[in-house]
Amino acid sequence: MSDTVKEHLDFLRTIVDEDLKSGKYASVATRFPPEPNGYLHVGHAKSICLNFGIAKQFGGTCNLRFDDTNPSKEEQEYVDSIQADVNWLGFSWDDRMYFASDYFEKLYEFAEMLIQRGLAYVDDQTAEQIREARGTLTEPGIDSPYRNRSVDENLELFRRMRAGDFPDGARVLRAKIDMSSPNIVMRDPTLYRIRHAHHHRTGDAWCIYPMYDFTHCISDALEHITHSICTLEFENNRELYDWVLDNLPVPSRPRQYEFARLNLTYVVVSKRRLIQLVSEGHVTGWDDPRMPTIQGLRRRGFTPESIRLFAERIGVARAANTVEIEMLEACLREDLNDRAPRALAVLRPVKVVITNYPEDQEEIFECPNHTEKPELGTRQIPFSRELYIEQDDFREVPPKGYHRLSPGKEVRLRHAYYVTCTDVLKDPETGDVTEIRCTYDPATRGGWSNDGRKVKGTIHWVSAKHAAWAEVRLYDRLFTKPDPMAVEEGKDFKDYVNPNALEVLPNCPVEQSLAQATPEQFFQFERLGYFVADRRDHGPDRLVFNRSVGLRDSWAKQEKKGA
RNA sequence: UGGGGAGUCGCCAAGUUGGUUAAGGCACGGGGUUUUGGUCCCCGCAUUCGAGGGUUCGAGUCCUUCCUCCCCAGCCA
């Protein structure tokens with residue numbers, strides 16, 4: 001395998017590949033370590049695809065591990081949703097689901113060991129005092145007055161901390177490293193804090209909780225992780241990661257590697273900011289289709305395949321990056337173009353009457369679900385004298401290059417007949433087109449004639465009397481600016497939320513067969529885009545489709561250029 | 001003005017230890033095919049690798065100086 005995939009190994013896969021070849025490890029072990037304090041977003045998807053992807057590619061394993069060391073922020077709801085999201089993305093941790101909280105007892109023992117080795121001490125200073133003594137980026141910190149307590153005293157105090165003898169914030173356990181280290185992380189970092197709080201898994205068993213830096217590396221070692229992959233902000237923490245493991249008798253020696261987190265244009269990819277959008281009501285929830293959460297993307301109609309393709313396309317490196325949202329959209333189109341059944345749906349209807357078509361006549365056309373993929377089968381579409389077409393597909397005064405319907409012009413009704421516009425009826429008050437009259441050519445049944453006639457335009461339609469009616473939700477980008485975090489003076493990123501990111505069309509005529517759609521089933525509405533039956537609101541009694549992404553529209557581009 | 005990182009086409013991103021004309025994708029522009037102005041297929045798109053010096057027959061790849069950007073001062077992760 002190493003030889004066949006040699007071509008495009010990113011820097012992490014290159015490291016793994018070399019470690020395997022050199023025999024440093026018999027197999028790779030990675031882990032995806034979310035904190036269960038929020039929903040997963042597309043940035044996590046990148047990490048999931050990386051960690052599970054590497055394990056899969058090199059025949060190793062990837063654990064799912066919840067980093068639940070902070071009882072005041074974590075909830076069961078999140079551990080459930082995270083599992084669902086990872087599964088939905090197509091990855092499996094088999095029986096290897098772990099919780100950092102499962103290691104609390106071991107972690108505690110390791111902490112006592114550090115104390116015994118003279119490498120940790122209990123500090124009685126307040127948070128405020130500790131902060132002040134830490135120094136600054138350019139000045140060293142100063143030692144805590146409690147730094148040189150005896151091992152026995154430290155042990156006794158730490159045990160009493162565990163026993164609940166002290167209130168929150170009264171004391172902490174600190175590593176005894178170097179208050180003048182140029183790396184602030186190494187200035188006697190806090191290892192344990194007192195928190196009389198209920199933990200979602202350990203309940204009230206503990207009132208002291210270990211910090212991330214102490215917990216993460218040891219958890220990795222206990223699980224025999226070989227490559228502990230995290231984002232660049234943890235680069236400074238690597239020195240501490242190594243310090244802890246080098247000073248404790250851990251069962252294995254993992255290494256930490258960092259990669260650049262994902263940024264995307266027109267959205268924010270940060271749990272904290274996503275929470276604000278939800279709690280302040282800018283969106284309807286974590287799974288709002290405008291949200292870049294996994295739940296949001298899923299409800300929007302993104303497929304696991306498209307997200308995995310995206311992760312593969314953007315690659316992995318160490319340079320700061322902001323990927324254009326168009327890249328994500330292109331991945332969805334690429335995936336769905338091959339697999340989405342086509343259907344006819346009209347978003348903004350205008351009535352068409354075919355005057356030479358018998359009033360009581362009806363026909364059924366057997367239409368392919370995908371012109372290029374006959375294996376996707378066919379469905380029946382009824383045709384009759386009165387139809388709906390898209391308002392956009394008719395212009396009383398056609399612009400140059402327009403080859404849709406206009407007075408005197410002939411177009412093809414997809415899969416049906418050629419029709420020619422003979423008349424236009426308008427509202428005398430508003431001037432709006434209320435009805436278009438056409439004649440059809442019976443010899444063009446199926447949408448084709450052998451007389452060499454050239455009909456450039458093909459438009460979609462829905463038989464008025466046979467239409468099913470659906471609510472269609474048109475989504476657009478969440479923010480109006482590519483980088484909503486680049487705020488002007490006195491503003492905040494929420495000021496750039498796109499007020500038009502959602503447009504609801506409550507009553508759209510769609511072809512009959514769509515009434516059978518099931519939640520999360522995707523379609524291409526021909527000439528419009530990819531749509532998905534809403535996961536929550538769609539049902540046989542209320543059809544609701546979300547636009548996942550529009551089709552490329554070179555006519556719109558051309559028309560815009562001309563304007 | 002401490003430490004740790006990063007700078008290759010508008011956006012991602014390859015570029016193994018220096019050796020012809022600097023991958024690929026997205027975006028963009030042009031053309032062809034087409035019963036979706038979709039798809040598909042062609043073609044174009046960095047004499048240049050943050051900038052300046054230097055080493056070398058030869059440098060994106062080595063040395064050097066400088067510039068810019070990101071991360072770190074939670075008892076968050």
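Protein chains get the first letters and strands the later ones, always in sequence-line order, with residue 1 at the start of each. Every heavy atom of this structure was used, including side-chain atoms; hydrogens, water molecules and symmetry mates were not.
- The partner of B:rG2, taking Watson-Crick or G-U wobble pairs whose two distances both stay under 3.5 Å, is B:rC72.
- Phosphate contact (OP1/OP2 of B:rG74, side-chain N/O of A:Arg195, threshold under 4.0 Å): absent.
- Nucleotides B:rG15 and B:rG50 place their P atoms 16 Å apart, quoted to the nearest Å.
- Cation-pi geometry between A:Arg171 and A:Phe166 is met: the NZ or CZ atom falls under 6.0 Å from the ring centre, inside 45° of the normal.
- Of the P atoms belonging to B:rC70 and B:rC11, the separation is 16 Å, rounded to the nearest Å.
- Considering only side-chain N and O atoms, A:Lys456 lies nowhere under 4.0 angstrom from the phosphate OP1 or OP2 of B:rU34.
- Closest to the side chain of A:Asn337, from the set B:rA14, B:rG37, B:rG38, is B:rG38.
- OP1 or OP2 of B:rA27 lies within a sub-4.0 Å distance of a side-chain N or O belonging to A:Arg552.
- Note on A:Arg238: every side-chain N or O is 4.0 Å or more away from OP1 and OP2 of B:rC71.
- In this structure, A:Arg31 does not pair ionically with A:Glu223, as no charged nitrogen and carboxylate oxygen lie closer than 4.0 Å.
- Not a single donor-acceptor pair, N or O on each side, falls under 3.5 Å between the base of B:rG4 and the side chain of A:Asn183.
- Residue ring and base: A:Trp555 counts as stacked with B:rG37 (centre distance below 5.5 Å, interplanar angle below 30°).
- Put simply, the side chain of A:Glu324 and the base of B:rG10 share a donor and an acceptor less than 3.5 Å apart.
- Between the P atom of B:rA27 and the CG atom of A:Leu332 lies a distance of 13 Å, rounded to the nearest Å.
- Residue-to-nucleotide contacts include no donor-acceptor pair under 3.5 Å from the side chain of A:Arg131 to the base of B:rG74.
- The closest side-chain donor-acceptor pair between A:Asp85 and A:Tyr39, if any, does not fall under 3.5 angstrom.
- A:Arg318 has no side-chain polar atom (N or O) that falls below the 4.0 Å cut-off from OP1 or OP2 of B:rC12.
- Contact annotation: A:Thr69 reaches the phosphate of B:rA77 (side-chain N/O to OP1 or OP2, under 4.0 Å).
- Between B:rG38 and A:Ser554, a contact under 4.0 Å exists linking OP1 or OP2 to a side-chain N or O.
- Straight-line distance from the NE2 atom of A:His199 to the C1' atom of B:rA77: 13 Å, rounded to whole Å.
- One finds a side-chain N or O of A:Arg193 lying less than 4.0 angstrom from the OP1 or OP2 phosphate oxygen of B:rC76.
- Under the 4.5 Å side-chain criterion, counting only non-hydrogen atoms from C-beta, A:Val549 is not in contact with A:Phe302.
- Nucleotide B:rG7 forms a pair with B:rC67, judged by Watson-Crick or G-U wobble geometry with both contacts under 3.5 Å.
- With both pairing distances under 3.5 Å, B:rC28 is matched to B:rG44 as a Watson-Crick or G-U wobble pair.
- Rounded to whole Å, the P atom of B:rG19 lies 14 Å from the corresponding atom of B:rG58.
- Side chains of A:Arg318 and A:Glu258 form a contact here, defined as non-hydrogen atoms less than 4.5 Å apart.
- We find that CD of A:Glu372 is positioned 11 Å from P of B:rC41, with the value rounded to whole Å.
- In this structure, B:rU33 forms no base pair with any nucleotide, since neither Watson-Crick nor G-U wobble geometry is met with both distances under 3.5 Å.
- Remark: the A:Glu511 side chain and the A:Ser513 side chain contain an N/O donor-acceptor pair separated by less than 3.5 Å.
- Comparing B:rC26 with B:rA13, their C1' atoms sit 11 Å apart, to the nearest whole Å.
- If you measure from atom CE of A:Met211 to atom P of B:rC72, you get 15 Å, rounded to the nearest angstrom.
- Atom CZ in A:Arg342 sits about 11 Å away from atom P in B:rU36, given to the nearest Å.
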